[in-house]
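The structure under discussion is supplied below as structure tokens; questions concerning it will follow.
Throughout, a chain's letter reflects where its sequence line sits, starting with A, and its residues are numbered from 1.
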There are 2 protein chains.
Amino acid sequence: MDLSIGDLSRRVAVKVPTIRYYEQIGLLPAPPRTEGRQRRYGAEHVSRLSFIRHARDLGFDVEAIRELLSLAAQPDQSCEPADQIVLRHLESVERRIAQLTLLRSELRHMLEDCRHGPVRECRIIQVLADHDQCRHEHGKVS
Amino acid sequence: MDLSIGDLSRRVAVKVPTIRYYEQIGLLPAPPRTEGRQRRYGAEHVSRLSFIRHARDLGFDVEAIRELLSLAAQPDQSCEPADQIVLRHLESVERRIAQLTLLRSELRHMLEDCRHGPVRECRIIQVLADHDQCRHEHGKVS
DNA sequence: TCTTGAACCTCTAGTCGCTAGAGATTGTAT
DNA sequence: ATACAATCTCTAGCGACTAGAGGTTCAAGA
Ligand SMILES: [Zn+2]
Ligand SMILES: [Zn+2]
Ligand SMILES: [Zn+2]
Ligand SMILES: [Zn+2]
């Protein structure tokens, strides 16, 4: 186990510049270097980066991942803080789904109502110009 | 109708720096100025900014809004390009909902499976470390 | 051993859609 | 005249990368 950054990249499916970025922000520890200053990674880097990547895929932000990693390193502590992080994330995903569902409905209505004639008669343009013609109180999409 | 940037901001509910930003990127035309170089807006700015704000609330990106505005200014043309823009956006919203729905399910499972004991036994940490323990092929959340 | 060339290095800047601040000027009400 | 809120320009920062320039190192084949 003595992987170049390219090897690690292929193995974990994280791009090379992203790995360097994670090192820069202190998410992945700086590995040892060859005499020519090239990075060489070991098994612990593979598993840590896999964790990071999986958590990113699941939508956690870097701050949350930082906390999750530090919890994972303390196996005797209660896992409650980790649960809290996941719960918070779940709630934000649910809020997001609710917003997007309203949005989808609004967009579908716009497309259904459109008569596909000249812009002058286009419902899409009219609705965009006037939120009162919307069916829902879709909030801002954040 | 001769609104300061603050008046316009309150009327359309778009923050002052955002209005200046829209001017900078060419989304909102530069208004006339007072002798002391302060911006003064008219009715056409109110309606254009309302359009922009509504489209942003509906999740359209600036490029799409640019195209929609330029279409809106040509009332005799076919509205098909506008419909296309909305359709593209709808499809991306639908993809996003599908991803987030998978994600929600995964996060719920993680929370359900967790025994709330020490980190060593925490399913959340275990699943994060190993995607094979996931129920779904949740893709990357983009 | 030498030579090639892919992979690596650092550093800077760009993405998107704002948001925040500094420091100076203008408008308006008393 | 004075005070003070609002405005001005300019620059930098957010999150999570991504792209590129310009230079160096590694590893494989001749
Ligand atoms: Zn139409
Ligand atoms: Zn609306
Ligand atoms: Zn747990
Ligand atoms: Zn997974």
(request) For D/dC17, take OP1 and OP2 only and decide whether either is under 4.0 Å from a side-chain N or O of A/Lys15. (result)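 Looking at the OP1 and OP2 atoms of D/dC17, neither is under 4.0 Å from any side-chain N or O of A/Lys15.
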(request) In plain terms, say whether A/Arg53 and A/Asp57 are close enough for a salt bridge, that is, a side-chain N and a carboxylate O under 4.0 Å apart. (result)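 So A/Arg53 pairs with A/Asp57 through a salt bridge.
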(request) Round to the nearest Å and state the distance from A/Ile19 atom CD1 to C/dC9 atom C1'. (result)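 Rounded to the whole Å, the gap is 14 Å.
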(message) If you compare every side-chain N and O of A/Ser4 against the phosphate oxygens of C/dC8 (OP1, OP2), does one of them come in below 4.0 Å?
(response)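 So the side-chain polar atoms of A/Ser4 do come within 4.0 Å of the phosphate oxygens OP1 or OP2 of C/dC8, strictly under.
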(message) Output the rounded distance in Å from CG (A/Asp57) to C1' (D/dC17).
(response)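 One finds 14 Å between C1' of D/dC17 and CG of A/Asp57, rounded.
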(request) Grab the CD-P distance between A/Gln38 and D/dG23 for me, whole Å please. (result)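 Spelled out: CD on A/Gln38 to P on D/dG23 is 18 Å.
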(message) Does D/dA16 have its OP1 or OP2 closer than 4.0 Å to a side-chain nitrogen or oxygen of A/Tyr22?
(response)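 So the side chain of A/Tyr22 is outside the cut-off, no N or O lying under 4.0 Å from OP1 or OP2 of D/dA16.
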(request) Could you tell me whether the phosphate oxygens of D/dT9, OP1 or OP2, come under 4.0 Å of any side-chain nitrogen or oxygen in B/Arg37? (result)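 So the side chain of B/Arg37 is outside the cut-off, no N or O lying under 4.0 Å from OP1 or OP2 of D/dT9.
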(request) Indicate whether any N or O donor in one side chain lies under 3.5 Å from an N or O acceptor in the other, for B/His116 and A/Asp83. (result)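 Their side chains do contain a donor-acceptor pair, which is all the 3.5 Å distance test asks for.
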(request) Measure from CZ on B/Arg53 to P on C/dC18 and round the result to the nearest Å. (result)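 Between P of C/dC18 and CZ of B/Arg53: 10 Å.
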(request) Could you tell me the separation between the CZ atom of A/Arg66 and the C1' atom of D/dA16, rounded to a whole number of Å? (result)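 From A/Arg66 CZ to D/dA16 C1': 12 Å.
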(request) Mind calculating the distance between CG (A/Asp7) and P (D/dA27) to the nearest angstrom? (result)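 One finds 10 Å between P of D/dA27 and CG of A/Asp7, rounded.
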(message) Is the phosphate of D/dT9 approached by B/Arg39 (side-chain N or O, under 4.0 Å from OP1 or OP2)?
(response)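 So the side chain of B/Arg39 is within the cut-off, an N or O lying under 4.0 Å from OP1 or OP2 of D/dT9.
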(request) Measure the CD1-CZ distance between A/Ile25 and A/Arg66 for me, rounded to the nearest 0.5 Å. (result)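 One finds 5.5 Å between CD1 of A/Ile25 and CZ of A/Arg66.
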(message) Is the distance from the ring center of A/His54 to that of B/His138 below 6.0 Å?
(response)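 That pair passes the under 6.0 Å test.
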(request) Using atom CD of A/Glu23 as one end and atom C1' of C/dT10 as the other, report the distance to the nearest whole Å. (result)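 The distance from CD of A/Glu23 to C1' of C/dT10 comes to 12 Å, rounded to the nearest Å.
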(message) Taking the minimum atom-to-atom distance to the side chain of A/Ile5, which one of C/dC18, C/dC9, D/dC26 wins?
(response)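 In terms of side-chain proximity for A/Ile5, the closest of C/dC18, C/dC9, D/dC26 is C/dC9.
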(request) Ignoring backbone atoms, test whether A/Arg33 places a side-chain nitrogen or oxygen under 4.0 Å from the OP1 or OP2 oxygen of C/dT10. (result)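 Looking at the OP1 and OP2 atoms of C/dT10, one of them is under 4.0 Å from a side-chain N or O of A/Arg33.
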(request) Take atom CD of B/Gln24 and atom P of D/dC10, then tell me their distance rounded to the nearest Å. (result)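 Between P of D/dC10 and CD of B/Gln24: 9 Å.
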(message) Please tell me if B/Thr18 has a side-chain N or O lying less than 4.0 Å from either OP1 or OP2 of C/dG17.
(response)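 Answer no for this pair, as no side-chain N or O of B/Thr18 is under 4.0 Å from OP1 or OP2.
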(request) Please tell me which of B/Phe60 and A/Gly36 maps to the more 5' nucleotide of DNA chain C, matching each residue to the nucleotide holding its nearest heavy atom. (result)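 Result of the comparison: A/Gly36.
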(message) Considering every strand and a 4.0 Å limit on heavy-atom distances, what is the contact class for A/Arg20: base, sugar-phosphate, or nothing?
(response)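 Contact class for A/Arg20: base.
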(request) Report the distance from atom OH of B/Tyr41 to atom CG of B/Leu49, rounding to the nearest 0.5 Å. (result)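 Output value for this atom pair is 8.5 Å.
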